[in-house]
There are 2 protein chains.
Amino acid sequence: MGTPSSHADQTELAICAAFPTDLTMLLHAAAGRMTDDLDLAAVQMGLNDVRDWLVLAALDDGRQRTQLELSRVVCVDKTTLISVLDRLEKHELIVRSVDPSDRRVRIPAITPTGRKVYAKFAIARDMAEACALDGVDQSGRALLMDLLARIAHRQDASLSGV
Amino acid sequence: MGTPSSHADQTELAICAAFPTDLTMLLHAAAGRMTDDLDLAAVQMGLNDVRDWLVLAALDDGRQRTQLELSRVVCVDKTTLISVLDRLEKHELIVRSVDPSDRRVRIPAITPTGRKVYAKFAIARDMAEACALDGVDQSGRALLMDLLARIAHRQDASLSGV
DNA sequence: CTCGGATCGTCCGAGTCCAGACGATCCGAG
DNA sequence: CTCGGATCGTCTGGACTCGGACGATCCGAG
């Protein structure tokens with residue numbers, strides 16, 4: 001699926017070179033940079049892109065979820081999720097089983113193989129993130145995460161009238 | 001072009017709900033959140049999405065650039081840039097002129113109208129960013145921008161052997 | 001039991017992105 | 001001057017995304 005070697009979204013990476021002071025572009029650039037590294041690591045262990053390990057991460061907690069619930073959790077369109085699950089199932093990293101109490105729904109579950117692959121990826125991910133924050137002290141990291149979470153979860157921008 | 005009301009990339013936004021501690025997902029979520037707001041503001045003043053005002057921002061400094069140089073500066077694929085420029089030119093926000101010294105190249109330039117639209121957008125952008133950082137003191141903002149820039153500009157991840 | 005509406009996963013069509021091909025143009029070697 | 005290679009903008013084909021439609025299934029009202 002796609003060309004894993006290229007950026008997930010090419011607008012993100014190099015913007016910063018031109019406009020280093022803009023918050024939004026910096027966020028995109030930083031996110032794109034991290035994703036590039038993570039996609040690379042994912043490809044090295046047979047996953048395709050960010051969605052693959054996102055789904056595995058969600059399934060790794062063992063909770064039973066329908067595909068629709070899963071698509072909401074990882075915020076991937078339910079249509080797109082199908083192709084992701086198809087691929088993961090083909091590689092035997094997950095299985096889809098029919099819920100006996102509701103034959104409409106499919107319950108995707110991670111396999112031992114999938115768990116192993118995800119664990120391996122998680123190590124690479126943690127390494128990449130540690131590397132990205134190398135030299136930043138603990139309070140700085142906490143502040144960064146807090147600010148990012150605040151921006152991400154902020155409810156409304158209320159910039160209606162301009 | 002596209003559906004401006006939806007997210008630029010649906011993987012970015014709600015990931016945080018599931019995995020709030022992951023740096024990469026937080027970056028994506030925060031970037032997606034900001035972009036959603038900015039895209040909304042852009043649509044309200046006739047632009048289409050992030051690429052439109054990105055191009056305008058790059059052209060606003062008045063420097064002469066070929067389309068290829070421009071595509072590199074804003075990190076938009078040169079093929080995709082064509083459609084952006086076509087649309088901006090149709091709305092008379094930019095003009096493409098042929099460089100007399102090299103008839104292969106086209107020099108896009110922002111028009112007074114384009115400059116006006118971009119200035120209007122820049123106000124909304126600054127408002128959105130100020131809103132996002134509301135309640136964060138100056139040293140916190142500086143630290144955030146510094147860390148983001150560091151992550152974005154980091155040269156290599158060196159996570160080859162896992 | 002029956003049946004109409006709601007909800008699941010899947011499929012299809014329109015739109016988008018981008019690697020590679022293409023014509024037009026430039027430029028340096030001869 | 002000529003001409004082969006490099007570089008510009010544009011076009012095209014294949015792959016992907018996602019809104020809406022579809023069949024299958026569930027469930028509550030009657």
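Convention: sequence-line order gives letters A, B, ...; per-chain numbering from 1.
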Is any side-chain nitrogen or oxygen of B/Thr80 closer than 4.0 Å to OP1 or OP2 of C/dC17?
no
Mind listing the N/O atom pairs, protein and nucleotides 11-14 of chain C, below 3.5 Å?
unit_1: C/dC11; atom_1: N4; unit_2: A/Thr79; atom_2: OG1; d: 3.3

Should A/Arg104 and A/Asp99 count as an ion pair when the cut-off is N to O under 4.0 Å?
no
Check ion pair B/Asp102-B/Arg106 (N to O, under 4.0 angstrom)
no
What nitrogen or oxygen pairs link the protein and nucleotides 26-29 of chain C at under 3.5 Å?
unit_1: C/dC26; atom_1: OP1; unit_2: B/Arg103; atom_2: N; d: 2.8

Is A/Leu68 close to A/Val105 at the side-chain level, that is, under 4.5 Å between some pair of heavy atoms?
no
Would you confirm whether B/Glu89, through its side chain, and B/Arg96, through its main-chain N or O, come within 3.5 Å as a donor-acceptor pair?
yes
Measuring to OP1 and OP2 of C/dT10, would you say a side-chain N or O of A/Arg96 lies under 4.0 angstrom away?
yes
Short N-O contact, A/Asp146 and A/Arg150, less than 4.0 angstrom
yes
Considering only C/dC18, D/dT10, C/dC8, which nucleotide approaches the side chain of B/Arg106 most closely?
D/dT10
Using only side-chain N and O atoms of A/Thr66, determine if any of them is under 4.0 Å from OP1 or OP2 of C/dC8.
no
Using 4.0 Å as the upper bound for N to carboxylate O, is an ion pair formed by A/Asp61 and A/Arg63?
no
Which value, rounded to the nearest 0.5 Å, describes the distance between A/Leu93 atom CG and A/Lys116 atom NZ?
11.0 Å
